[in-house]
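Chain letters run A, B, ... following the sequence lines, proteins first, then strands; residues in each count from 1. Side chains included, hydrogens not; waters and symmetry mates left out as well; all remaining heavy atoms used.
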Protein chains: 2
Amino acid sequence: MKTQEKDSRDIVPEPTVKRLPLYLHFLKKAKENGVLTISAPIIGQELEQDPTQVVKDLAYTGVKGRPRVGYNIYELIKGIEEFLGFNQVYDAFLVGAGNLGSALINYPEFRSFGFKIIAAFDISDDVVGTQRGDVNVLHFNVFKELASKLKVRIGILTTPAKVAQEVAEQMAKAGIRAIWNFTPVKLKLPEGVIVQNTSMYSNVAVLVMKLNNQLKKNKD
Amino acid sequence: MKTQEKDSRDIVPEPTVKRLPLYLHFLKKAKENGVLTISAPIIGQELEQDPTQVVKDLAYTGVKGRPRVGYNIYELIKGIEEFLGFNQVYDAFLVGAGNLGSALINYPEFRSFGFKIIAAFDISDDVVGTQRGDVNVLHFNVFKELASKLKVRIGILTTPAKVAQEVAEQMAKAGIRAIWNFTPVKLKLPEGVIVQNTSMYSNVAVLVMKLNNQLKKNKD
DNA sequence: AATAAATAAAGAAAAAAATCTTTATATTAA
DNA sequence: TTAATATAAAGATTTTTTTCTTTATTTATT
């Protein structure tokens, strides 16, 4: 089970990919404060990561640091951004313009993270035709046409769970190659369609579990 | 580095805790469809998990299955919910009633996941005094008073990154023991305060990286 | 009643990731 | 110029997690 896609280009550990944006955020903040060079131990200290872990993660980007000096912060930021593919920007369509969808549309920072939401879709008359910032909410029945015309490759799924599978299939048919899935549904799609799940519930579970454990611990 | 809190009660792997809510969602759906018993291989097949992995995860809850029959679906749902602590419900305060905050307030399903948002806080005159569903948006300057009076232990942080650290400190001072942090900021808080980070950006990074890899792969 | 088949449960092995250790290099200061 | 020091880089070890294997139990079938 579990197809892990062992490819020469896919050898970078997922935990590393997840940590790099955190470094990036911290580095940008440091740059704003006038920092010119920064060492792995400092980054590790600030973000509570093992310094050797930081070194290993940064090594994947190909950026070289210098002993006793650290990394040039400009090079490092540029290196991480290029490595993660954040220098080019994909257009994305979002389906499900409820609260969560609206929240994501209003994350303008996504543009610096490799993609930009250029339109939203829904089926409810209440929201179709409205705007979220400068993003229009269109009816889902024009999704396919627009997606193929504009060659959109990323879809964001923020619909109710009940229609998630159906919508995802439509997305795939319309040429969407990567779906960011915010529903708790395990999507079944043709091979080749990338699905990235962001389950609020998994995070809740970890939080509640930890809290329970701690409160129990304090009791005795 | 990395304090993993080795405690007799904390030996359940985090990946397991994250998978259990996914099983739970699937099981509830199956129950609605009239399923009475279900086997680990079936769950695994549906959710694309290794069947032995499913067995191991479910074993943590203490629920027993029977060979050739599987698990009683009622017992299993109840067992997972109790194990994750979803049977009792914590009150939670949310700070930052923007789009993302509003989206979370409108997730009524959270109640079946162990907590309930009972009030939201902000500092902007535009939102203070308004409502989100049946949740009032109050001014943050009454947070501390209310949190201690109502003994609220969970805080949800959906503010802009710039004020995240400051707000989190105030939360901790008000007696909040667990913070669900949606900002990209690495919070620095007194020991004992649990922080659960949900970084949109990490997920974006994984998605964009996979898409890049695949598009590259298809080119040659 | 006996046998076959399916599957939960427990244990072993493998894989992945994090951590630790060592080495090499560059910078600063004497 | 040399020595001391900080740190990047590479390698080894440990830990964690997943996957594989075996065993035992239970139900269905003959």
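Among the nucleotides dT19(D), dA8(D), dA18(C), the one closest to any side-chain atom of T52(B) is dT19(D). Side-chain proximity of P13(B) to dA8(C), dA8(D), dT17(D): nearest is dT17(D). Checked against dT19(C), dT27(D), dT17(D), the side chain of V69(B) finds its nearest nucleotide in dT27(D).
As rounded to whole Å, 13 Å separates atom C1' of dA10(C) from atom OH of Y60(B). Nucleotide dT17(D) holds its C1' atom 12 Å from the CG atom of D50(B), rounded to whole Å. The interatomic distance linking L76(A) (CG) with dA9(D) (P) rounds to 10 Å, in whole Å. For E14(A) and dA18(C), the CD to P distance is 11 Å, given to the nearest whole Å. To the nearest angstrom, P of dT16(D) lies 15 Å from CD of Q53(A). Atom CG in L58(A) sits about 9 Å away from atom P in dA9(D), given to the nearest Å. What separates NZ of K64(A) from P of dT7(D) is a distance of 19 Å, to the nearest Å. If you measure from atom NZ of K56(B) to atom P of dT19(D), you get 11 Å, rounded to the nearest angstrom.
Judged by distance alone, the side chain of T37(B) and the main-chain N or O of I73(B) form no donor-acceptor pair under 3.5 Å. Checking side-chain atoms of R153(A) against main-chain N and O of G175(A) turns up a donor-acceptor pair under 3.5 Å.
Cation-pi geometry between K210(A) and Y90(B) is not met: the NZ or CZ atom fails to fall both under 6.0 Å from the ring centre and inside 45° of the normal.
Checking the phosphate oxygens (OP1, OP2) of dA9(C), a side-chain nitrogen or oxygen of Y71(B) falls inside 4.0 Å. The side chain of R19(B) contributes an N or O atom lying less than 4.0 Å from OP1 or OP2 of dT18(D).
In terms of position on DNA chain C, the residue among R66(A) and D57(A) whose nearest nucleotide sits closer to the 5' end is D57(A).
What you find for V206(B) and K18(A) is that their closest heavy atoms are CG2-CG, 3.7 Å.
For dT5(D), the base has a donor-acceptor partner in the side chain of R68(A) [N/O atoms by modelled type, under 3.5 angstrom].
Aromatic ring pairs are classed by plane angle as parallel below 30°, tilted from 30° to 60° and perpendicular above 60°; the pair Y107(B) and Y201(A) is tilted.
Within 4.0 Å of S39(B), counting heavy atoms only, lie sugar-phosphate atoms of the nucleic acid but no base atom.
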